[in-house]
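Numbered from 1 within each chain, the chains take letters A, B, ... in sequence-line order. Note that these values count all heavy atoms, side chains included, but never hydrogens, waters or copies made by symmetry.
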2 protein chains.
Amino acid sequence: MSEPSDTKPFIQQRNLVDQVADYLTQAIIQRRYVPGERLSEVSLAGDLGISRAPVREAARLLESRGLLVSRPRRGFFVRALEARELGDIFDLRLALERHAIEHLVKHYDTEVEKRLSRQVERMCEIADSGADEGARIEEDLRFHRLMFEATGNHRLLRAFEDLSHELRLCIALIGKTHEAPDSIAGSHWWLLEALKSGDARSCRKAIDYHIGVARDYVIQGVHEAQVR
Amino acid sequence: MSEPSDTKPFIQQRNLVDQVADYLTQAIIQRRYVPGERLSEVSLAGDLGISRAPVREAARLLESRGLLVSRPRRGFFVRALEARELGDIFDLRLALERHAIEHLVKHYDTEVEKRLSRQVERMCEIADSGADEGARIEEDLRFHRLMFEATGNHRLLRAFEDLSHELRLCIALIGKTHEAPDSIAGSHWWLLEALKSGDARSCRKAIDYHIGVARDYVIQGVHEAQVR
DNA sequence: CGATTGCCGACTGTCGACAGTTTTTCTTCT
DNA sequence: AGAAGAAAAACTGTCGACAGTCGGCAATCG
């Protein structure tokens, strides 16, 4: 019996490293750790009731995702994003999203459009139901993830997922909701409209506007959070 | 002051993790490990005269760079690139390079142009001197790295550097030089010409052609290497 | 003779410990 | 009292060890 090439991840017993990584990620984006704060391996391992080895590996993982930074012989610190880096992040995001939507409009697929459409509906429902911002952000990222998935370029998708972690960090810096109820959810219809139009120029305009709004929202939010 | 001739046989002084990472990277791109080959932590640690802990951390680092893949409870394996992934990698590279050159032509800087120009001269010299392919590839990547550096977007630069490791892996898959002496080095003049012209459309055309040539070179090279 | 099951070696995941370094605290001198 | 310096505490980098797990091999069963 040959192994199925798919190799689905059954109910794989989660190793400690992944669990710690998830725990830390949640703790960081829930602002239970202040940006710049030092993470003590020993105390963290002690709190979780495990040894330092898995903690160190998880920290390395988060470092590669941009959530932590390490200084030799000093340990790990929660990444503190400078205002300038916010622009960099969204500029890279723009490059990736432009590429993705350009691909999608060139290889138009009605099935893809349907999937994206369903996701926007879901986002609007969630916005109406008054879910917390975290859930709405996740659904928002999910929409864009679907776009990258639809390009069929796994490496491009990975680049976006790497960036996603930092996007969540940006959101975490802002803190509580400012405004933007379901208008953000609804704004994704514009992207779909541009896609359906089949016009590359419209798509580029739409995505530039979309990401620009998101960037301004985050940058202003962080600015206000710093003044506070 | 420590003893000059220490008992440690191999590496010392710097971070063991970084040293192991460099060692492994070199070993992989020099094809001392076959793609798909399993890396034994114990034997590797034994060969280097160190314990498994730094080896594991280095392996995790290379995994985040796409040089290794890990399977739970099975260990680390040298990444075996599928033909399809080659296309994905160069497609992502195209997205990044388009964005970079678009930025450079929009914010034209004579100092940047001078630096890039010097680098191309250096590449041509090295090509004439008949250096090995590894050195030429590095200088090639260095040119593009300079481009990304010049954008001032650190995150974009990091995305390119992440991709660079995989690009080196692609080159490693090909093996020995096929052709392409200094023509590759010289082809970068076209990019500079487009930049100097100040025309965004010319730049895009130039970078599309440039990356397209590189992609075809790698894809065909890998194809031939597989037939062999 | 082919398929199944139990055993064996090898390896990873995790742990506790030690040494060197960094940070903090406490002392001492001006 | 404040600053410089020394001792102490805390922490990271690294190590060796142990237990659970995986793949392969052989004995067993149909």
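Whole-Å rounding puts the A:I50 CD1 to D:dA19 C1' distance at 17 Å. If you measure from atom CG of A:L61 to atom P of C:dG13, you get 13 Å, rounded to the nearest angstrom. The nearest whole Å value for the distance from the CG atom in B:L68 to the P atom in C:dT12 is 12 Å. Regarding A:R71, its CZ atom lies at a distance of 14 Å from the C1' atom of C:dT21, rounded to whole Å. Taking atom CD of B:E41 as the reference point, atom P of D:dA17 lies 17 Å away to the nearest angstrom. The distance between atom CZ of A:F77 and atom C1' of C:dT22, rounded to the nearest whole Å, is 11 Å. Taking atom CD of A:E57 as the reference point, atom P of D:dT14 lies 14 Å away to the nearest angstrom. Taking atom CD on A:E63 and atom C1' on D:dG13, their separation rounds to 15 Å, with Å as the unit.
Within the model, atoms CG of A:L96 and CZ of A:F160 stand 8.5 Å from one another, a figure rounded to the nearest 0.5 Å. For the atom pair CG of B:L67 and CG of B:L24, the computed distance is 9.0 Å after rounding to the nearest 0.5 Å.
The side chain of A:R56 lies closest to D:dT12, out of D:dT12, D:dC15, C:dG16. For B:L16, whose side chain is taken as the heavy atoms from C-beta onward, the closest listed nucleotide among D:dT12, C:dT14, D:dT14 is D:dT14. Between C:dT12, D:dG13, C:dT14, one nucleotide has an atom nearer to the side chain of B:R73 than all others, and that is C:dT12. In this structure, of C:dT23, C:dC15, D:dC15, it is C:dT23 that holds the atom nearest to the side chain of A:R74. In the set D:dC15, D:dC18, D:dG13, D:dC18 carries the atom at the smallest distance from any side-chain atom of B:R52. Looking at the side chain of A:R38, the nearest of the listed nucleotides D:dT14, D:dG23, C:dT23 is C:dT23. The listed nucleotides are C:dC11, D:dT12, D:dC15; the one nearest the side chain of B:S40 is C:dC11.
Annotation: of the two residues near DNA chain C, A:G49 and B:S43, the 5′-most nearest-nucleotide partner is B:S43. Residues A:S51 and A:P72 each lie close to DNA chain C; by heavy-atom proximity, the contact nearer the 5' end of the strand is made by A:S51.
B:L44 comes within contact range of no nucleotide atom at all, as no heavy-atom separation falls under 4.0 Å.
Taking the six-membered ring for Trp and thresholds of 30 and 60 degrees, B:H144 and B:H210 have ring planes inclined between 30 and 60 degrees apart.
At a cut-off of 3.5 Å, with distance as the only test, no side-chain donor of A:N153 or A:H99 sits close to an acceptor on the other residue.
Ring centroids of B:H107 and B:H103 are separated by less than 6.0 Å, placing the two rings close together.
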